[in-house]
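All values derive from a computational prediction rather than experimental measurement. We use all heavy atoms of the structure for the numbers below, so side chains are in, but hydrogens, waters and symmetry mates are not.
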2 protein chains.
Amino acid sequence: MTARPTLERTLELAAFVPFRLNRLAAGTSQYLAIVYQERFGLDIPQWRVMATVGSKQDCTAQYIAASTRMHKTRVSRAIAELEVRQLIERVSSAQDRRERQVRLSKSGRRMYTELLPLALARESSLLECLSPEQLAGFLTGLETLERFLQLED
Amino acid sequence: MTARPTLERTLELAAFVPFRLNRLAAGTSQYLAIVYQERFGLDIPQWRVMATVGSKQDCTAQYIAASTRMHKTRVSRAIAELEVRQLIERVSSAQDRRERQVRLSKSGRRMYTELLPLALARESSLLECLSPEQLAGFLTGLETLERFLQLED
DNA sequence: CACAAATGGTTGCGCTCGCAACCTTATCGG
DNA sequence: CCGATAAGGTTGCGAGCGCAACCATTTGTG
């Protein structure tokens with residue numbers, strides 16, 4: 001397991017795990033972009049909002065921000081644009097008139113039902129490069145790192 | 001291994017691997033930022049340039065861009081700022097007067113020798129949350145994904 | 001009941017980044 | 001040897017983002 005003491009005087013960035021994780025995330029995003037960007041004209045924040053609202057109707061911007069871990073202004077702008085494109089609708093909440101319930105519109109739901117299988121298939125096609133054992137090992141490590149960095153919900 | 005057919009009608013973003021990888025990369029960057037940002041006042045592009053030049057003196061901006069996978073304008077601006085702060089020096093190449101050799105200055109090398117062990121220690125302290133078997137499994141999956149996405153050098 | 005503090009959400013502003021265009025120097029082809 | 005093309009690097013510009021400030025509404029407290 002070679003608990004290598006950090007005595008080296010130089011660093012190959014290509015072997016530095018934080019750098020590799022950033023590179024992998026960027027590569028994965030690009031790999032996925034084909035389905036939501038080129039095909040549906042969504043950017044990442046919009047795609048995340050669509051995915052969140054699709055799985056939980058009538059949620060608030062706050063909920064979206066919390067579950068996507070995006071800044072609330074980023075969420076606000078994504079929602080605004082999706083509303084202009086009439087993919088989502090907003091209704092002021094009766095109990096608390098500060099907040100507004102967000103839901104998919106008719107055409108938004110149509111897009112979602114078309115988009116979702118493509119996104120999941122794209123994820124699968126990415127993970128299929130791993131053997132079952134590799135996948136299991138990778139996901140285990142991923143979970144542990146998420147817990148360590150307190151990234152879970 | 002449950003080759004789960006993608007029949008579900010909703011998607012929990014929190015279970016979507018591309019999203020989780022983005023979140024992990026962001027978390028890792030922040031975890032690391034303490035050493036290069038708060039302590040040495042470098043941002044990510046500058047830190048990457050320092051790391052690259054530290055391990056390979058007299059390289060060109062082009063080389064840095066290729067090995068860090070950053071856009072050449074991002075590299076250009078990071079180098080410019082590091083030169084203002086006198087952490088690196090540039091000399092026009094004799095053979096090809098378009099390019100300029102980049103190297104660490106005296107104070108730049110001082111910073112590098114102080115920064116490098118801290119960065120490596122920070123990486124270790126992150127990876128120590130994984131058991132040796134988890135680490136090995138995670139790195140194996142990471143490598144395979146990198147190859148699949150053609151992210152290696 | 002009134003006023004302070006907190007909360008959901010939006011917006012102005014400055015910063016960073018990538019794209020395209022550009023400048024300079026090298027290289028290639030006739 | 002000259003003109004076209006390419007290559008190393010920089011810069012103007014627009015888009016996206018986070019921070020801080022803000023508006024509207026609600027909740028807490030004397």
Side-chain angles (χ1 to χ4, degrees), chain A residues 19 22-23 25-27 29-30 33 36-38 41-50 52-53 56-85 88-103, chain B residues 19 22-23 25-27 29-30 33 36-38 41-50 52-53 56-85 88-103:
Chain A
F19 170 75
N22 267 282
R23 195 177 56 174
S29 287
Q30 197 182 344
Y36 59 73
Q37 211 166 80
E38 294 186 11
L42 302 174
D43 60 21
I44 291 183
Q46 290 164 5
W47 144 249
R48 288 183 180 169
V49 169
M50 289 292 290
T52 305
V53 178
K56 183 165 170 63
Q57 290 272 35
D58 293 307
C59 60
T60 65
Q62 190 131 24
Y63 173 84
I64 300 173
S67 61
T68 62
R69 296 220 150 210
M70 292 195 290
H71 196 272
K72 62 178 182 173
T73 63
R74 209 177 168 194
V75 173
S76 174
R77 284 160 180 146
I79 291 179
E81 173 62 18
L82 292 173
E83 195 176 26
V84 168
R85 292 179 57 184
I88 65 171
E89 297 161 350
R90 277 192 287 192
V91 290
S92 294
S93 169
Q95 312 91 303
D96 188 335
R97 289 166 53 213
R98 288 171 303 183
E99 65 183 23
R100 309 167 72 181
Q101 308 290 335
V102 181
R103 68 179 60 160
Chain B
F19 170 76
N22 266 284
R23 194 177 55 176
S29 286
Q30 197 182 343
Y36 58 73
Q37 210 167 80
E38 294 186 12
L42 302 174
D43 60 21
I44 291 182
Q46 291 164 4
W47 143 248
R48 288 182 181 169
V49 169
M50 289 292 290
T52 305
V53 178
K56 183 166 169 65
Q57 289 273 37
D58 292 308
C59 59
T60 65
Q62 192 132 23
Y63 173 84
I64 299 173
S67 63
T68 62
R69 298 219 147 208
M70 291 195 292
H71 196 274
K72 64 178 181 174
T73 62
R74 208 176 170 195
V75 173
S76 174
R77 284 160 178 146
I79 291 179
E81 174 63 19
L82 291 173
E83 195 175 27
V84 169
R85 292 178 57 183
I88 65 172
E89 298 160 351
R90 276 191 289 191
V91 289
S92 295
S93 169
Q95 312 91 301
D96 188 336
R97 288 170 52 215
R98 289 172 302 181
E99 63 183 26
R100 311 167 71 180
Q101 309 289 335
V102 181
R103 69 180 57 160

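- Of the candidate nucleotides D:dT26, D:dC19, C:dC19, C:dC19 has the atom nearest to the side chain of B:Arg77.
- Taking side-chain N and O atoms only, B:Ser76 has no distance below 4.0 Å to OP1 or OP2 of D:dG9.
- For the pair A:Ile64 CD1 and C:dG9 C1', the interatomic distance rounds to 12 Å; values are reported in whole Å.
- Checking side-chain atoms of B:Glu81 against main-chain N and O of B:Ala78 turns up no donor-acceptor pair under 3.5 Å.
- Of the candidate nucleotides D:dG18, C:dG9, D:dC17, D:dC17 has the atom lying nearest to any side-chain atom of A:Pro45.
- Rounded to an integer number of Å, the gap from CD of B:Glu99 to P of C:dT25 is 13 Å.
- The closest side-chain heavy-atom distance from B:Gln62 to B:Val75 is not below 4.5 Å.
- Remark: P of C:dC17 and CD1 of B:Ile44 are 9 Å apart, rounded to the nearest angstrom.
- Put simply, A:Gln62 has a side-chain N or O that comes within less than 4.0 Å of OP1 or OP2 on C:dG9.
- Taking side-chain N and O atoms only, B:Arg100 has a distance below 4.0 Å to OP1 or OP2 of D:dT10.
- Across all strands, A:Glu81 comes closer than 4.0 Å to no nucleic acid atom at all (heavy-atom distances).
- Spacing between atom CZ of B:Arg74 and atom P of D:dC17 amounts to 14 Å, rounded to whole angstrom units.
- Straight-line distance from the CD atom of B:Gln95 to the C1' atom of C:dT25: 14 Å, rounded to whole Å.
- Between A:Arg90 and C:dG8, a side-chain N or O to OP1/OP2 separation shorter than 4.0 Å is absent.
- Counting to the nearest Å, the P atom of D:dG8 and the OH atom of B:Tyr63 are 15 Å from each other.
- A close approach under 4.0 Å does not occur between any side-chain nitrogen or oxygen of A:Arg98 and OP1 or OP2 of D:dT26.
- Of the candidate nucleotides C:dG9, C:dG18, D:dG9, C:dG18 has the atom nearest to the side chain of B:His71.
- Between A:Tyr63 and A:Thr60, some side-chain heavy-atom pair lies under the 4.5 Å cut-off.
- Taking 4.5 Å as the limit, some side-chain heavy atom of A:Leu42 sits within range of a side-chain heavy atom of A:Arg85.
- Side-chain atoms of A:Val49 and A:Thr68, non-hydrogen and from C-beta on, never get closer than 4.5 Å to each other.
- B:Asp43 has its CG atom 7 Å from the P atom of C:dT16, to the nearest Å.
- Atom-to-atom, NZ of B:Lys72 to P of D:dT11 comes out at 13 Å; the value is rounded to the nearest Å.
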